[in-house]
Amino acid sequence: MKPDLTFAGITAIKHTFTLPLDYAEPNGRQLTVFARELSSPENSGQPLPFIVFFQGGPGFGAVRPAANGGWIKRALKEFRVLLLDQRGTGLSSPVNYIALQHMNSEQQAEYLTHFRADNIIRDAEAIREKLCPGEKWSILGQSFGGFCVLKYLNDAPSGLEEAYITGGIPSLTRHADEVYRATYKRVLAKNEDFFTRFKDAQQLVSRLANHISINEVRIATGERLTVEMLQLLGINIGMEQGPESVYYLLEQALIETEAGTVVNPLFLAHFCQLLDFNTNPIFALLHESIYCQQSASNWSAQRVRAKYDEFNYIEGKPFLFTGEMVYPWFFEQFTNLKPLKHAANLLATKADWSELYNLETLSDNTVPVAAAIYSEDMFVEMNYSLETVKQVGKLKYWLTSEYEHNGIRMDGEHILDRLIALNRGEQLR
C-alpha cells in the first residue's frame, strides 16, 4: 500500500474502519475508527509485525508524530507502529457535546457506556483481523493505555505476541474510593515538592486565588476563573517539566496597570491550553468508570476529597493544587461540559458496569509483558501496581524513580528499549 504521508524519516498510511458501537448488535449503529500506520523508509515493503499504541486518558486521540524520535524511533526498528485513535477520540467518531446534541441525556449516557476499555479492545481485535488476519501483534499502553493492555490480556490474549506498559498498571480489584485515597496522598506530596522548589510560588498563587475570589475574571474560552478551577493546574505538577510550566505561568498571572491589578491576558490564554476538559469530554465523563466493576463511582473523587480539608482553600490558608481528579462541578463551570451534566450524573450513578478483569485468566497469562512502574507517579499508585504485578502471569517490571508519569514522552526511546530487552531476557544495547 502506498504511503499517504512521508515526513522526517517516517512513512504513514491512514486506515479507517467501520465497526459496531455495540458488539452484541453487530448490525446496529456503526462507528468510524481511525488508525495511522507508521513505518521506517528503510524497512518499506518488509512484512514487519505491528505494535499497537494505546493512548492514555481516557478520551485522548493517539499521538500525532512530527518526527522519527522517542519510543516511535525505537519501535520502528523492528515493527510497523499502529497509532489507534480509540473510539470517541481523534478521528474515531469523536465524542463532544455537538456530536451528542441530538440525543437526550439518557441516550447520551447509554451511548457513552460503550466507550470503555472492553470495546476499545474489541475494536483492536477487529482491526487486527482486517490488517493482518491470522497473525499476532504486540501492544504498548501508556497510562490508561496500560489499563487497555491488561484488558487485552484478559479478553483476547490469543491475538498478542508481546505487551508493554508504561505508567499504567491499575489495581484489578480496588474500588475507585481506594484509588483516590491513595492518589490524594500522592498529590499532597507533589504539592510539597512544588512549593519547596519554587519558594515564591505559594505567594504568587495565593495572591491570584484571592484576586479571582473577589473579581470576576474570565479565561480565554469564556468561563469564569474560579479557585477550584485554578487548582486543576495541579494535573501538570505530576509530569516531567510540568512544574516549570505551572510556575512560569503563575509568575505572569497578575500585572499592574493604571486601572490597578488585573489578570494578564497571556495567563488567561495559556491557562486554557493546560486543561483539556472542554475539548476532550470523555476524560471527564468516563474517567472514574475505568475503576468501576459492578459498582458506581458516585463521584468518588469529590466524596473522598471531603476527607482532605487541606484542598479547600480560603484566604490565609496554604493553596494546594489538585491532580487529575474529576468533579461534578466541571459540568457546571466548563462551557462544553454543561450540556452533558445530566448524562454525567447518570454515568456516575451507574452501578452495573461490567467486570473488567478475571483474576484467574490474568494469573494464567502466557503473553510476555514488561512494564515500567514509576515510584513517584502521581497518577497511578505504585503500591497498587506492585500488587497487580503479583496477580498477572509472565509480567516483568522495571521500578524506577527516574521518571514522572509522562516518562515515555520525555525519554521514550530508552524506556521502550529497556522494556523490550526485559521482556525478551536480553542485555541492554
Checking Gln108 side chain against Leu100 main chain: does a donor-acceptor pair fall under 3.5 Å?
yes

Apply salt bridge (charged side-chain N to carboxylate O under 4.0 Å, His left out) to Glu251 and list each qualifying residue two or more places apart in sequence or on a separate chain.
none

Test Val392 against Ile169 for side-chain contact (heavy atoms from CB on, under 4.5 Å), laying out the working first.
CA-CA 11 Å; Val392 180; Ile169 300 183; over 6 Å; no

Salt bridge (charged side-chain N to carboxylate O under 4.0 Å, His left out) against Arg181, all qualifying residues, sequence neighbours excluded
none

With the side chain counted from C-beta on, respond yes when Val52 and Ile127 share a heavy-atom pair under 4.5 Å apart, and no when they do not.
no

Tell me whether the count of non-hydrogen atoms from other residues, nucleotides or ligands lying under 6.0 Å of CZ in Arg409 goes above 12.
no

For the residue pair Phe147 and Tyr291, does the interplanar ring angle fall in the parallel (under 30°), tilted (30 to 60°) or perpendicular (over 60°) class?
perpendicular

Can any side-chain N or O of Asp411 pair as donor or acceptor with the backbone N or O of Gly407 at less than 3.5 Å?
no

Side-chain contact test, heavy atoms from C-beta onward, threshold under 4.5 Å: evaluate it for Thr400 versus Ile373 and give yes or no.
no

So do Leu48 and Glu78 actually touch side chain to side chain, heavy atoms under 4.5 Å?
no

Side-chain donor-acceptor pair under 3.5 Å between Asp22 and Tyr111, yes or no?
no

Evaluation steps, side chain to side chain donor-acceptor pair (under 3.5 Å), between Asp123 and Tyr23
CA-CA 9 Å; Asp123 289 344; Tyr23 280 83; 2.7 Å; yes

Salt bridge (Lys or Arg N to Asp or Glu O under 4.0 Å) pairs touching residues 141-168, sequence neighbours excluded, are Lys151-Asp155, Glu162-Arg424

Donor-acceptor contact present, side-chain Lys190 to main-chain Glu376, <3.5 Å
yes

So do the side chains of Phe319 and Val227 get within less than 4.5 Å of each other, counting heavy atoms only?
yes

Give, for atom OG1 of Thr89 and atom CG of Asn96, the distance between the pair rounded to the nearest 0.5 Å.
12.0 Å

Is it true that Arg218 and Glu223 make a salt bridge, defined as a side-chain N closer than 4.0 Å to a carboxylate O?
no

Do the side chains of Met325 and Arg305 get nearer than 4.5 Å, heavy atoms only?
no

Can you name the one residue among Arg36, Lys130, Glu37 that meets side chain to side chain donor-acceptor pair (under 3.5 Å) with His15?
Glu37

Backbone N or O of Thr6 within a donor-acceptor pair of the Thr11 side chain at under 3.5 Å?
no

Is it true that atom NZ of Lys185 has more than 12 heavy atoms of other residues, nucleotides or ligands lying nearer than 6.0 Å?
no

Using 30° and 60° as the class boundaries, would you call the ring planes of Phe331 and Trp299 parallel, tilted or perpendicular?
tilted

I'd like to know if the side chain of Asn383 pairs up with that of Glu381 as donor and acceptor (distance under 3.5 Å, no hydrogens or angles considered).
yes

Does the side chain of Leu230 come within less than 4.5 Å of Ile212's, by heavy atoms?
yes

Glu413/Arg74 ion pair, N-O < 4.0 Å:
no

Residue pair Lys394 / Val367: nearest heavy atoms and the distance that separates them:
CB-O, 3.5 Å

Please check if the side chain of Glu387 supplies one atom and the backbone of Met382 the other of a donor-acceptor pair under 3.5 Å.
no

Which pairs, with at least one residue in residues 220-239 and sequence neighbours excluded, count as a ring-ring contact (aromatic ring centres under 6.0 Å, His included)?
none

Is a side-chain N or O of Asn423 found less than 3.5 angstrom from the main chain of Val369, in a donor-acceptor match?
yes

Side chains of Gln231 and Thr322 only: does a donor on one sit below 3.5 Å from an acceptor on the other?
no

For the residue pair Tyr403 and Trp398, does the interplanar ring angle fall in the parallel (under 30°), tilted (30 to 60°) or perpendicular (over 60°) class?
perpendicular

Judged by atom type as modelled, is there a donor-acceptor pair below 3.5 Å linking the side chain of Ser171 to the main-chain atoms of Tyr384?
no

Go through the steps to decide whether Tyr374 and Asn406 satisfy the test side chain to side chain donor-acceptor pair (under 3.5 Å), and finish with yes or no.
CA-CA 10 Å; Tyr374 308 132; Asn406 61 336; over 6 Å; no

Is any side-chain heavy atom of Ser39 less than 4.5 Å from a side-chain heavy atom of Ile10?
no

Pairs where residues 359-369 contributes a residue and the test side-chain hydrogen bond (donor to acceptor under 3.5 Å, both in side chains) is met, not counting sequence neighbours:
Asn358-Thr361

Specify whether Trp329 and Tyr327 have parallel, tilted or perpendicular ring planes, treating 30° as the upper limit for parallel and 60° as the lower limit for perpendicular.
parallel

Residue pairs involving residues 58-72 (criterion salt bridge (Lys or Arg N to Asp or Glu O under 4.0 Å); sequence neighbours excluded):
Arg64-Asp85

At their closest point, which heavy atom of Ile290 faces which heavy atom of Pro58, and how far apart are they?
CG2-CG, 3.9 Å

Side chain of Lys317, backbone of Asn312: donor and acceptor closer than 3.5 Å?
yes

Quick check for you: to the nearest 0.5 Å, what is the distance between Asp177 atom CG and Arg303 atom CZ?
4.0 Å

Aromatic contact, Phe60 with Phe283 (centres under 6.0 Å)
yes

Measure the spacing between CZ of Phe194 and CD1 of Ile237 and express it to the nearest 0.5 Å.
6.5 Å

Below 30° counts as parallel, above 60° as perpendicular, anything between as tilted: where do the rings of Tyr180 and His287 land?
tilted

Answer yes if the side chains of Glu228 and Gln333 hold a donor-acceptor pair under 3.5 Å, and no otherwise.
yes

Quick one: does any side-chain atom of Asn43 pair with a main-chain N or O of Leu76 as donor and acceptor, under 3.5 Å?
yes

List the steps, then state whether ring-ring contact (aromatic ring centres under 6.0 Å, His included) holds for Tyr184 with Phe311.
CA-CA 10 Å; Tyr184 274 113; Phe311 290 99; 5.3 Å; yes

Quick check on Phe195: does its CZ atom have over 12 non-hydrogen neighbours (other residues, nucleotides or ligands) under 6.0 Å away?
yes

Ion pair present between Arg128 and Glu125, side-chain N to carboxylate O less than 4.0 angstrom?
yes

Look at atom CD of Glu192 and say whether more than 12 heavy atoms of other residues, nucleotides or ligands are closer to it than 6.0 Å.
no

Please report the interatomic distance CD(Gln294) to CH2(Trp353), rounded to the nearest 0.5 Å.
11.5 Å

Polar side-chain atom of Asn210 near backbone of Ser206 as donor-acceptor pair, under 3.5 Å:
yes

Give me the atom names and distance for the closest heavy-atom approach of His211 to Val263.
CD2-CG2, 3.6 Å

With a 6.0 Å cut-off on ring centres, are Trp71 and Phe53 close enough?
yes

Nearest 0.5 angstrom please: Ile219 CD1 to Leu268 CG, how far?
8.0 Å

CD1 of Ile415 to CD1 of Ile408: how many Å apart, nearest 0.5 Å?
6.5 Å

What's the shortest heavy-atom distance between Val63 and Leu83, and which atoms?
O-CD1, 3.4 Å

